[in-house]
Amino acid sequence: MVSFCCTQGQGDMGYARLLFDEIPEPDNFMWNTMIRGYSNNSSPEAAVSLYIEMLARGVGPDNYTYPFLLKAFDRQMAIEFGGELHAHVTKFGFCSNPHVQDALIHVYSISGEMDAARELFDKSPKQNSVLWNAIISAYNRSKKYAESCKLFAEMEELQVEPTMVTLVLVISACAKLKNLEYGAWIHRNIENCWIVPNLALQNALIDMYAGCGDIRTAWSLFENMEAKDVISWTALVAGLANLGQVDQARELFNRMPERDIISWTVMIDGYMKANRFKEVLEIFREMQSVSVRPDEFTMVSVLTACANLGAFEVGEWIRVYMERYKINIDVFVNNAMIDFYCKCGCVENAFDIFDKMQKRDKFTWTTMINGLAINGHGEHALDLFTRMLRTSVRPDEVTYIGVLTACIHNGLIEEGREIFSSMINTHGIFPNVCHYGCLVDLLGRAGQLNEALETIKNMPMKPNSRVWGALLGACRVHRNLEMGELAANKILELEPDNGAVYVLLSNLYAKLNRWEEVGKVKDMLMQRGVKKIPGCSLIEINGNIHEFVAGDCAHPRIEEIHTKMEEMGRELMLAGYAPDTTEVFIDISEEEKEDTVYKHCEKLAIAFGLLSSPAGATIRVVKNLRICLDCHNAIKLISRIYKRVIVVRDKTRFHHFSSGSCSCKDYW
DNA sequence: TTAGGGTTAG
């Protein structure tokens with residue numbers, strides 16, 4: 001009866017306990033059964049309490065007790081009780097039992113104490129292949145895949161026969177390492193030894209080949225399988241998606257006989273990695289329409305898509321959803337939420353999450369620092385970086401990009417210089433070409449053009465177009481024609497099709513009233529047939545993303561939008577606005593130029609936002625390019641006229657418009 | 001009548 005009540009997953013431990021309490025003197029076997037019952041019904045704490053009670057009642061544990069007890073531990077329990085229970089094992093003399101050793105290796109591996117796990121393994125007699133599997137599995141769980149492969153080689157030397165499980169583990173390690181050579185070598189050995197792979201091993205092989213980019217072999221294994229399960233399909237879908245072949249992945253996904261939460265998440269993540277964010281939201285809705293519950297893995301991809309689209313309402317909805325359905329909010333989800341809020345311009349919400357997090361990894365700090373930086377809170381970003389240095393989490397090269405960005409957007413020259421040198425001196429991180437780009441940007445904006453150029457000349461690597469682009473931008477602001485031409489030519493050597501360069505260069509000539517050169521640049525552009533990337537603005541209304549390109553007529557409510565634009569135009573004129581057409585780059589009359597800037601996509605999006613949201617609501621727009629001078633002037637006034645906070649995220653930073661001014665202080 | 005190792009996702 002007790003054993004029945006302790007059935008895995010669907011037991012009734014309350015009833016089991018009632019029965020158990022009626023037994024006058026339960027023996028070892030009964031105690032073990034109860035402990036196993038709690039473990040199998042996800043109550044490892046109750047299992048530990050019962051174990052303590054068992055000892056208190058003078059009943060000695062046996063070989064079975066510890067595997068039952070330890071098997072259900074999560075990380076927290078393992079950290080809390082692992083060492084102590086190991087001491088009990090030693091005291092009661094069960095150290096040499098392989099089942100107990102296995103359980104202890106498991107517990108140490110989930111608490112991250114790989115040295116302790118390894119010590120146990122090293123002390124064991126190495127004949128038993130199951131313990132080899134346990135330690136290799138522990139290394140896989142700790143993401144130390146190279147160590148797994150090393151142990152497999154050792155196993156061969158000592159002539160311990162690998163089992164099917166060993167092969168699955170080591171093939172999986174090869175997949176994670178993207179070591180096709182070693183993986184294929186093992187596969188050949190498997191074939192030479194006439195081992196017939198079972199389903200799990202076949203799946204692991206498909207995953208390995210697909211993950212290493214050898215889709216053909218993966219396909220042929222897949223097609224020759226007698227029986228496939230959902231994992232076989234998912235492994236191949238994931239392989240295609242990770243190679244960027246999202247449409248092929250989707251085709252295969254559609255053919256799947258069944259899909260589980262992982263298959264859906266793989267597909268969603270595939271769209272996310274291909275930057276097809278609107279499709280992420282579409283397939284996410286589709287998944288819900290067939291009643292598949294998302295989990296925390298799914299949410300990370302969906303939140304990332306929301307972040308990139310600026311889909312504030314959808315992201316907020318997801319937060320509520322996660323609360324309601326008790327989705328496990330781990331450090332990955334929190335990091336994604338911080339990024340989401342930052343990319344929607346809500347630094348306060350992001351910081352709130354950051355502040356409440358129990359555990360932060362380097363991504364948490366990096367995301368928050370970068371989020372503060374691009375939103376114009378440079379000082380706060382630097383404070384946070386100082387705080388980070390006091391923790392055990394080490395910054396990496398990406399963290400430094402965020403920190404340098406903070407300095408750039410706030411003109412913090414000295415801080416920036418110091419940080420740049422401390423990268424190498426205190427943290428041993430060598431600046432890459434992006435860091436040099438930041439430094440050039442920092443110096444350039446501050447007007448130290450010669451030093452910026454010197455920096456480029458002394459870089460240990462070849463400067464790329466972004467480095468020269470930073471210099472060109474600075475030359476435009478500080479009107480240095482000679483250096484600007486140099487930078488522009490360097491960029492065009494590297495990227496003859498870079499349309500933005502022509503715009504920056506002609507801006508520079510225009511500012512200096514060199515109209516002849518402006519014309520030459522235009523001719524060059526026309527001759528070379530360079531296409532500018534079309535500007536595009538996104539705005540979310542009621543959870544739907546609306547997309548606008550310049551002069552757009554495709555929107556279903558375009559007539560209302562045009563009426564609103566006309567009204568906006570009149571209000572702007574009354575407020576003293578004059579169109580600024582210096583950044584218009586096509587050969588047309590002044591009147592036509594004014595018409596062009598008037599129809600810029602961010603203005604369309606804002607007009608639509610004013611139309612479709614209640615008075616006083618914040619309007620959030622995401623733009624794929626830099627905001628133009630004219631739009632920047634106009635939006636400042638619009639924020640005052642219509643009493644709205646307008647947040648525009650452009651290609652590199654945020655503009656928070658409110659009461660007629662912008663958070664970037666016109667410095668971007 | 002009690003025990004061990006495995007494959008897919010951020």
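Values below: all heavy atoms of this structure, side chains included; hydrogens, waters and symmetry mates excluded. What you are looking at is a predicted structure, and each value in this text was computed from that prediction instead of being measured.
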Apply side-chain contact (heavy atoms from CB on, under 4.5 Å) to residues M368(A) and C342(A) and explain how you reach the verdict. CA-CA 8 Å; M368(A) 194 64 238; C342(A) 287; 4.3 Å; yes
Is the phosphate of [N], meaning OP1 or OP2, less than 4.0 Å from a side-chain N or O of [X]?
X       : N      : answer
K176(A) : dT8(B) : yes
R259(A) : dT8(B) : no
S3(A)   : dT1(B) : no
K71(A)  : dG4(B) : yes
T65(A)  : dT2(B) : no

Atom pair distance, as rounded to whole Å: [atom1] in [X] and [atom2] in [N]:
X       : N       : atom1 : atom2 : result
E161(A) : dG5(B)  : CD    : P     : 21 Å
I186(A) : dG6(B)  : CD1   : P     : 17 Å
F340(A) : dG10(B) : CZ    : C1'   : 17 Å
N40(A)  : dA3(B)  : CG    : C1'   : 11 Å
M267(A) : dG10(B) : CE    : P     : 13 Å
L167(A) : dG6(B)  : CG    : P     : 14 Å
H106(A) : dG4(B)  : NE2   : P     : 11 Å
L70(A)  : dG4(B)  : CG    : C1'   : 12 Å

Reckon [X] touches a base, only the sugar-phosphate, or nothing at all at heavy-atom distances under 4.0 Å?
X       : value
N128(A) : base
T33(A)  : nothing
L169(A) : sugar-phosphate
Y66(A)  : nothing
D269(A) : sugar-phosphate
V266(A) : sugar-phosphate
V333(A) : base
N28(A)  : nothing
T298(A) : nothing

Can you find an N or O donor on one side and an acceptor on the other, under 3.5 Å apart, linking the side chain of [X] with the base of [N]?
X       : N       : answer
S301(A) : dG10(B) : no
N198(A) : dG6(B)  : yes
D330(A) : dG10(B) : yes

Side chain of [X] - closest among [options]:
X       : options                 : value
F29(A)  : dG5(B), dA9(B), dT1(B)  : dT1(B)
A200(A) : dG4(B), dG10(B), dG6(B) : dG6(B)
S129(A) : dA9(B), dA3(B), dG5(B)  : dG5(B)
N133(A) : dT7(B), dG5(B), dA9(B)  : dG5(B)
E296(A) : dA3(B), dG10(B), dT7(B) : dG10(B)
I231(A) : dA3(B), dT7(B), dG10(B) : dT7(B)
K273(A) : dG10(B), dA3(B), dG4(B) : dG10(B)
D260(A) : dG10(B), dA3(B), dT8(B) : dT8(B)
T234(A) : dA9(B), dT8(B), dG4(B)  : dT8(B)
D207(A) : dA3(B), dA9(B), dG10(B) : dA9(B)

Under 6.0 Å between ring centres, would you say that holds for [X] and [Y]?
X       : Y       : value
W132(A) : F121(A) : yes
Y209(A) : H187(A) : yes
W365(A) : F354(A) : yes

Can you tell whether the side chains of E279(A) and R276(A) come within less than 4.0 Å, N to carboxylate O? yes
Salt bridge check, E154(A) against K150(A): does any charged N sit closer than 4.0 Å to a carboxylate O? no
Should the ring pair W233(A) and F222(A) be called parallel, tilted or perpendicular, given that the plane angle runs from 0 to 90° and is split at 30 and 60? perpendicular
Among Y38(A), W31(A), Y66(A), find the one that has a side-chain hydrogen bond (donor to acceptor under 3.5 Å, both in side chains) with Y51(A).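 Passing option: Y66(A).
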